[in-house]
Amino acid sequence: MAQRIVVDPITRIEGHLRIEVEVANGKVTNAWSSAMLFRGLEIILKGRDPRDAWLLTQRACGVCTYVHGLASIRCVDDAVGVTVPDNARLIRNLLMGAQFLHDHIVHFYHLHALDWVDVVSALKADPVKASKIANDVSPAGNSGPSDFKAVQARLQKFVDSGQLGLFANGYWGHPAYKLPPEVNLIAAAHYLEALRQQARTARMHAVFGAKNPHLQSLVVGGVSCAADLNPDRISEFLYLWKETLDFVNNVYLPDVLAVAGFYKDWAGIGGTTNFLAYGEFPQSAKEPESLFLPRGAIFKRNLKKVDGVDPAKISEHVKHSWFEGDKDLNPAKGETKPKFSKLDTAKEYSWMKAPRYNGEPMEVGPLARVLVAYGKGHEPTKKVVDGVLKHLGVPADALFSTLGRTAARAIETQIIAQAMEGWIMQLVENIKKGDAKTFEPYEMPDQAEGMGLNDVPRGALGHWIQIKDKKIANYQLVVPSTWNLGPRCAANKLGPVEEALIGTPVADPKRPVEILRTVHSFDPCIACGVH
Ligand code: NFC
């Protein structure tokens, strides 16, 4: 007989998410994803100066702290018709690159790893054996047995105190955990190391953005950190970038591969059907042609055909959401009229709208970006993806899964980190030539429309603005977590996370760690998603 399980709230995410599933014969047969908070940024923005929109929208989130700032600035750049100088493009790319590195390291170690790693089991590990395994996985990332012993002692202290602190309330000892104690110990040690590394990585934002979270250096027409284009600041950025790149190469990617080797069954669980990437990192003023990570849409998992993206095909549905009406609107003409009733999975059950592309639900995020790039034959992506598939001994089809999504995030972290070196060097070359321009003047029109498309850690992000009398007449955000975690649409098609959950095994309905694995693999941010 089918049984309903509710996980509310899902923790180790940003914001408040409720997941309800139906389980029959040990597998999920139906799922509902509910965002349980409302923000109202689109309403707050009305009537304000378009130049302030980025400061307000950046507050949509403290995790992807920069991305709404950039989406908004690009949207207003588009509305006023300004092309930013090369240095501004490069600084914006470097800040966005730093955002990806920070976000993905935090996601893997601090938000997702404990779905796969049993920290309590690490107490049983042999530190000498752990060090030997760590050496086989990545000699450069290895610590000696005494370091592993010290980590074990720290963990033992947590356990003995009866207060597991940051490891509290895990499903420790659950049969779905498959790692040997030594690999659990390595991962637990790297969890702690990543806490230090993410703080270092975040400092890249402080170099050209004054602080993190919520950077200060964007302006319509460019960037305002002109005084920071000097050798000291650039070297500081370069140092932090190199330290992070080493961590990604020697610790993060090897850890993901080592853990994935024990969970290959998850290469057949948690997949979706359609994928959308706006692409990111313009390499010139020409978009989308110059984007380092390409733009594209994939339907029915067909990697041989990557379609272009037409923003006119985007719409947001509200039939199953707590909003007035039942129109499916393109965001250029979107509306935000909240109307709460009650949670009813047969009717309305979320504060998120349901974005659709050409009427279809689309997964966005690392997996979508990697698939689009791979399908388009993007060389840096092909090289890393083929290496990972070969290492794990799985076919490309394995990417359409929970494991594929988690691997794609690590894969793109390495690809983006490597590409950042070129952008830093271009900046240096420009300055050496005497080009220090960071801003292009513009006139605010009385009336205009604009659109800013970004691809950000959790996926495709778009902002749309209408300006009237030099003020914001309408503003809409269509956000990665809304694409991934939104509810059913007018045609009752499931949202991507709802689809991905179908077929997930659940060994113990009281401790549904398997549900967390798939939900966390999307790295949900409900604060962004409801904005
Ligand atoms: Ni918050 Fe996000 C932005 C989301 O749009 N979803 O990367 C993104 O948060 O993390």
Side-chain angles (χ1 to χ4, degrees), residues 9-17 33 35-39 41-42 45 53-54 56-75 92 95-108 110-112 198 201-202 205 212-215 218 276-281 293 314 316 331 350-355 362-370 405 408-409 412-413 416 451-464 475-486 495-497 519-531:
I10 297 259
T11 56
R12 291 196 185 253
I13 65 164
E14 159 103 23
H16 195 147
L17 174 68
S33 166
M36 301 301 287
L37 76 159
F38 178 74
R39 306 282 304 284
L41 272 171
E42 290 158 336
L45 283 163
W54 76 277
L56 289 152
T57 56
Q58 203 179 202
R59 269 70 188 172
C61 185
V63 178
C64 64
T65 166
Y66 168 69
V67 309
H68 289 285
L70 184 59
S72 180
I73 283 285
R74 282 184 180 160
C75 175
R92 289 178 179 188
L95 291 171
M96 185 64 113
Q99 175 75 58
F100 270 86
L101 306 191
H102 180 263
D103 231 333
H104 286 356
I105 290 170
V106 170
H107 176 261
F108 179 66
H110 308 125
L111 306 181
H112 194 28
Q198 60 86 26
T201 301
H205 271 178
N212 172 296
H214 302 138
L215 282 59
L218 291 172
L276 174 71
Y278 292 157
E280 189 49 81
F281 305 113
L293 297 179
I314 299 167
E316 286 198 300
S350 182
W351 277 117
M352 281 191 196
K353 298 174 184 173
M362 312 293 284
E363 175 172 343
V364 299
L367 181 57
R369 283 188 289 265
V370 164
R405 197 171 293 118
R409 191 171 283 108
E412 76 167 8
T413 308
I416 293 166
M451 174 181 77
L453 300 184
N454 293 17
D455 230 303
V456 307
R458 287 161 183 80
L461 167 66
H463 283 205
W464 282 259
Y475 201 101
Q476 292 282 308
L477 299 82
V478 184
V479 174
S481 289
T482 324
W483 282 102
N484 285 335
L485 282 298
V497 88
V519 173
H520 281 157
S521 72
F522 285 89
D523 192 6
C525 176
I526 309 311
C528 273
V530 297
H531 46 274

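Only this structure's heavy atoms are used, side chains among them; waters, hydrogens and symmetry mates stay out. Start at 1 and go down the list; that is how both ligands and their atoms are numbered.
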Report yes if some heavy atom in the side chain of Tyr475 is under 4.5 Å from a heavy atom in the side chain of Leu41; otherwise report no.
no
Distance-only donor-acceptor pairs under 3.5 Å for side chains of residues 524-531, two or more places apart:
unit_1, atom_1, unit_2, atom_2, d
His531, ND1, Cys528, O, 2.8
His531, ND1, Gly529, O, 3.2
His531, NE2, Glu42, OE2, 3.2
His531, NE2, Leu477, O, 3.1

Please report the C-alpha distance between His102 and His205 in whole Å, then the side-chain angles of each, then the deciding distance to 0.1 Å, and finally whether the side-chain contact (heavy atoms from CB on, under 4.5 Å) criterion is met.
CA-CA 10 Å; His102 180 263; His205 271 178; over 6 Å; no
Answer with yes or no whether the side chains of Arg458 and Asn484 bring together a donor and an acceptor at under 3.5 Å.
no
Work out how many protein N, O or S atoms lie closer to atom 1 (Ni) of ligand 1 than 2.8 Å.
3
Distance-only side-chain donor-acceptor flag, His107 / Arg409, under 3.5 Å:
yes
Closest approach of any protein heavy atom to atom 5 (O) of ligand 1, naming residue and atom
His68 NE2, 3.0 Å
What I want to check is whether the side chains of His110 and Gln198 have a donor and an acceptor closer together than 3.5 Å.
no
In plain terms, say whether Arg369 and Glu280 are close enough for a salt bridge, that is, a side-chain N and a carboxylate O under 4.0 Å apart.
no
If you count the atoms of ligand 1 from 1 in the order shown, which ones are under 4.0 Å from a heavy atom of Leu461?
5 (O)
